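All values derive from a computational prediction rather than experimental measurement. Lettering follows sequence order; numbering is per chain, from 1.
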Amino acid sequence: MSPGSGAYEKVWAAIARIPRGKVATYGQVAALAGFPKQPRLAGYALANCPRDTKIPWQRVINAQGKISFPPRSAAYRRQKSLLAKEGVALMNGRVDLARYRWQPFSDSPLLD
DNA sequence: AGGGTGACGGGCC
DNA sequence: GGGCCCGCCACCC
């Protein structure tokens, strides 16, 4: 019950809104969940999400456009792979935020 | 009831 | 650009 009672659940709910083919930063997700200026909270919530979660955790990257896992790690490769499958590629180890960053209030069809 | 534990980000040098 | 510092809070023993 009370699905949104926990802070982490609010963060997960915000992440669930990120459309396929787009990404959001930890800070952005935190703000969307109602915790502006607390990007770390988003990180904590993600670190705590269930193994079998259905939320698109791979769409959350850091403010530099990088995946927040050690480049050699399995987690890094997994995230990179999932993003690639959605059409989001890393160039030079980075996602082009200007192009792929999700903009919650400006994603109307008119703006393409 | 405390203390350990994190998938960040911005400011500075 | 890269590295360091420091703020910051929920959750689980």
Side-chain angles (χ1 to χ4, degrees):
Chain A
M1 302 275 274
S2 355
S5 55
Y8 290 176
E9 293 188 351
K10 289 180 183 172
V11 171
W12 297 336
I15 294 171
R17 298 174 52 198
I18 308 171
R20 196 171 191 295
K22 289 290 180 182
V23 297
T25 65
Y26 292 88
Q28 193 180 345
V29 165
L32 252 31
F35 304 98
K37 305 306 177 184
Q38 295 185 99
R40 296 192 79 169
L41 189 57
Y44 301 149
L46 272 164
N48 248 301
C49 78
R51 291 288 184 187
D52 61 353
T53 187
K54 291 158 175 53
I55 67 171
W57 60 270
Q58 73 274 18
R59 296 176 193 159
V60 186
I61 59 179
N62 66 33
Q64 307 168 75
K66 297 192 201 161
I67 287 174
S68 288
F69 282 114
R72 307 293 229 9
S73 69
Y76 180 98
R77 290 193 295 272
R78 187 151 48 245
Q79 184 166 9
K80 178 181 162 192
S81 170
L82 288 170
L83 286 175
K85 196 164 60 177
E86 304 183 346
V88 178
L90 279 77
M91 284 168 30
N92 242 22
R94 304 190 163 210
V95 168
D96 181 353
L97 286 177
R99 179 173 164 191
Y100 297 104
R101 183 173 171 281
W102 175 42
Q103 301 186 344
F105 297 98
S106 307
D107 61 354
S108 92
L110 293 178
L111 294 180
D112 187 7

Proximal nucleotide (of C/dC11, B/dA7, C/dC8) relative to the A/Ala7 side chain: C/dC11

Residue pair A/Pro70 / A/Tyr76: nearest heavy atoms and the distance that separates them: O-CB, 3.2 Å

Euclidean distance, atom OH of residue A/Tyr26 to atom P of B/dG10 [Å, nearest integer]: 14 Å

Nucleotide C/dG3, atom C1' - distance to CD of A/Gln64 in whole Å: 11 Å

Distance-minimising heavy-atom pair for A/Glu86 and A/Gln58: OE2-NE2, 2.8 Å

Nucleotide C/dG3, atom C1' - distance to CG of A/Asn62 in whole Å: 15 Å

Considering all heavy atoms, the nearest A/Trp102-A/Leu32 contact: CZ3-CD2, 3.4 Å

Residue pair A/Val29 / A/Ile18: nearest heavy atoms and the distance that separates them: CG2-CD1, 4.2 Å

Under-3.5 Å donor-acceptor pair between A/Tyr44 side chain and C/dA10 base: no

Under 3.5 Å donor-acceptor pair, A/Arg40 side-chain atoms to C/dC8 base atoms: yes

Touch class at under 4.0 angstrom, heavy-atom based, for A/Ala47 against every strand present: base

A/Ile61 or A/Tyr8, whichever maps to the more 5' nucleotide of DNA chain B: A/Tyr8

Spacing between A/Phe35 atom CZ and C/dC11 atom C1', to the nearest angstrom: 13 Å

Residue met sooner reading DNA chain C from 5', once A/Arg94 and A/Pro39 are mapped to nucleotides: A/Arg94

